[in-house]
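A note on names: the letters A, B, ... follow the listed sequences, proteins ahead of strands, and every chain is numbered from 1. Computed from a predicted structure; not experimentally measured.
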Amino acid sequence: MIALLDEIMKEIDSANGPVTVRELAKRVGVEESALPGMLEFLEKKGRLSLVRAGEWKECRTMACETCALRRFCPESGKEGAE
Amino acid sequence: MSRGVASNEGQITAALSGNPNAGKTTIFNNLTGGRQHVGNWPGVTVEKKEGTARYGDYEFEVVDLPGTYSLTAYSLEEIIVRDFMTLDKPDLVVDIVDASNIERNLYLTTQLIELGVHVVIALNMMDVASARGINIDVELLSELLGIPVVPTIGLRNKGTEELKVAIVSTVMGEARFRGIQVNYGKEIEEEISKLQAVIEQDERVSGEFLGNYSSRWIGVKLLEEDEKVEEDVSRYSEPGSALFRQLEASRDHLFTIFSEDIETVIVDNRYGFVAGVVREAVEREFEEPVTLSDRIDRILTNRILGFPFFALFMWLMFFLTFFLGKFPMNRIDHLMRGLGNLINTNITSPVWLRSLLVDGVVGGVGSVLVFLPQIFIIFICISILEDSGYMARAAFIMDRIMHWLGMHGKSFIPLLMGFGCNVPAVMATRTLESEKDRMITILVNPLMSCTARLPVYALFTAAFFAAHQGTVTFSLYLLGIILAVSMAKLFRRFLFPGESEPFVMELPPYRLPTFKGTFIHMWERGSMFLRKAGTIILAGSVAIWILSYLPPGVKYGSGASLAGKVGHVLEPLVRPLGFDWRAAVALLFGFVAKEIVVSTYGTLLGVGENRALISSGLHGFFTPLTAYGFMAFTLIYTPCLATIAVIKKETGSRRWTAFAVGYSLALAWIVAFVIYRVGLLFGLKG
């Protein structure tokens, strides 16, 4: 059995800086699309921090549908601020 | 070993499950044709699609389940799928697996098998996988997983008949079905067995509850600390029962062995199992091609080259802002001057009304409005940097510095957003999981130069650094970044000690920004600036006009006016920085919104909006040295009222809000003082 999550954490630690999902997938030898699921789990466990593509975007109306901050945004008509 | 499952007189219920975008809807349509109806899942607004399909004498009831990546109980979709599997008990689940992303998709498959339901894989998008050089040994995959695997191409309706055959033969017990289990290793397997035994011995749990689930699945879920399963089980078994005692003992035992939470170990095993299957059954003909994005990233995210490129792009942004902005700015300036002249010519009395309109409204609001082109251009630049995918890279390369400073790399995202407006940027700190990281990022965010400061820079750089406007403005933005990271380092050291977790980033591919997207962003932000000019800046200008005009009979905007008196009271505070009382008044009103600093000078000088006259007027109170110090003070000192309000909301603390206001004011004073004194030491005119 391959201890993948462990391997991922080791790779991240040894990178000595930020890593991209693409780079990490290559290093660990997993499919790039499979990695975010694993990283999300590790993030839930507080082991790392994952920034999804698009999360850095400044808020604006046209990006609302995909914006990671949508549920917090007072300008988003549906859910509004907390 | 094959075994049949209950079917009701040729009637089969098949549920379609799979990851989002695996082609589930297409397969559903292929199976059911037009025979389908749409409703909602009970109690929620998630769409439920059902239809019927026929094969030979068999009629299938096909239920399309929401797309999910796993069967944990974190999202509504996952709970719907889990409940349907366990409570409605379909005869079989068709798991739609995207062959081109097989490793990600098989994670759900292992969980479905573990649940104890009968699974048939529809290995969809085989054409896409093939085009990417992914060869899947379907027979071996089926053998490794112990379930039937049918290759399909949903969009071309290929494999649908074979899928129907597999459904029927699995239900009839004619197809391969072993439903292998993930082996979690000796220690965990032993605890699962112990739990299974207690679950099966517990009369209420096994009698009333277990009918819907497999005891192994419950055992695994209890070890994983699945809250929903634990809650369900506790309805049938008391907290002090043998089952819960065993659960506690198993968890304690496993924790002493693995020294980390069991869910991580279990999930790791699942991922490891999937990776093992993929390595066996999938072969890649060629390495993923190096894309254009990869090639550009080799330079732009390079450890050494990344920083100069970042600086270059920032400098270019300010150069373009001022270089291109001056042409339309002169037009607006001309218009405003015409408006002032028109009022002067047509409204001769009362004198106060003329002064209010010319000096207060046109002078105040107009002096800010002339910078509208720069605001539009800078937002075009920000939008292009974001939409092209570069801004994400900027955050990525900055992480090296952020981490070195003890700050979270992710913090740079809200900081970058602060270049636009600090209000959404402070709100964006909610993406930071650590409260300490969040507090640090909130406190330093106002040091990032938002576009409200741009009119101040534009006015002063035009007056004192006309040949190097872009470079001087760039230096102020850089000063903001340097101060933000330095303060973050101090806050981390003294106020919020701790470590930040490592940072992984999903970089979007580079894209050509669209005209529509860029225009909408520019217009949205630009119109916000216009609204602000018509409300807060107008109100601020009128207030300053009143203070400059009263008491009646004094010279407008002189030291004898109310504004002058307020300014003289505050002057001792700013005198060591080389500023006079007018600067004190401008900075006081800048508390409301930074643009009002500009409108204050427009109003106080009593020269209408005339930029040339404002500029020469400023030369009476500032030198290039003190002008730079004044811009630095404006950059750093107390954030605007809207930002203060959002800091209060986000921190939920008056104390931290007061701290944010207080420290930035003190820092602004110190920095402006240092600039002034160091400049004097170098012989610059104070």
Problem set entry | Check: B/Glu103/A/Ser33 side-chain N/O donor and acceptor closer than 3.5 Å | no
Using heavy-atom distances under 4.5 Å, tell me whether [X] contacts chain A through its side chain, its backbone, both, or neither.
X        : value
B/Asp261 : side chain
B/Ile102 : both
B/Ser100 : backbone
B/Glu260 : side chain
B/Tyr69  : neither

Exercise. Cationic tip of B/Arg393 within the cone over B/Tyr510's six-membered ring, i.e. under 6.0 Å and within 45° of the normal?
Worked result: yes
Exercise. Should we count CD of B/Glu187 as having more than 12 external heavy atoms under 6.0 Å?
Worked result: yes
Exercise. By salt bridge (charged side-chain N to carboxylate O under 4.0 Å, His left out), which residues pair with B/Glu224, not counting sequence neighbours?
Worked result: B/Lys221, B/Arg270
Seminar exercise, completed: Applying salt bridge (charged side-chain N to carboxylate O under 4.0 Å, His left out) to A/Glu23 and not counting sequence neighbours gives A/Arg27
For this session: Give, as side chain, backbone, both or neither, the part of A/Asp13 having an atom under 4.5 angstrom from any heavy atom of chain B.
Result: side chain
Exercise. Of all of B/Val282, B/Ile397, B/Asp294, which one pairs up most often with chain A through heavy atoms under 4.5 Å apart?
Worked result: B/Asp294
Problem set entry | Spacing of CE belonging to B/Met448 relative to CZ belonging to B/Phe419, to within rounding of 0.5 Å | 3.5 Å
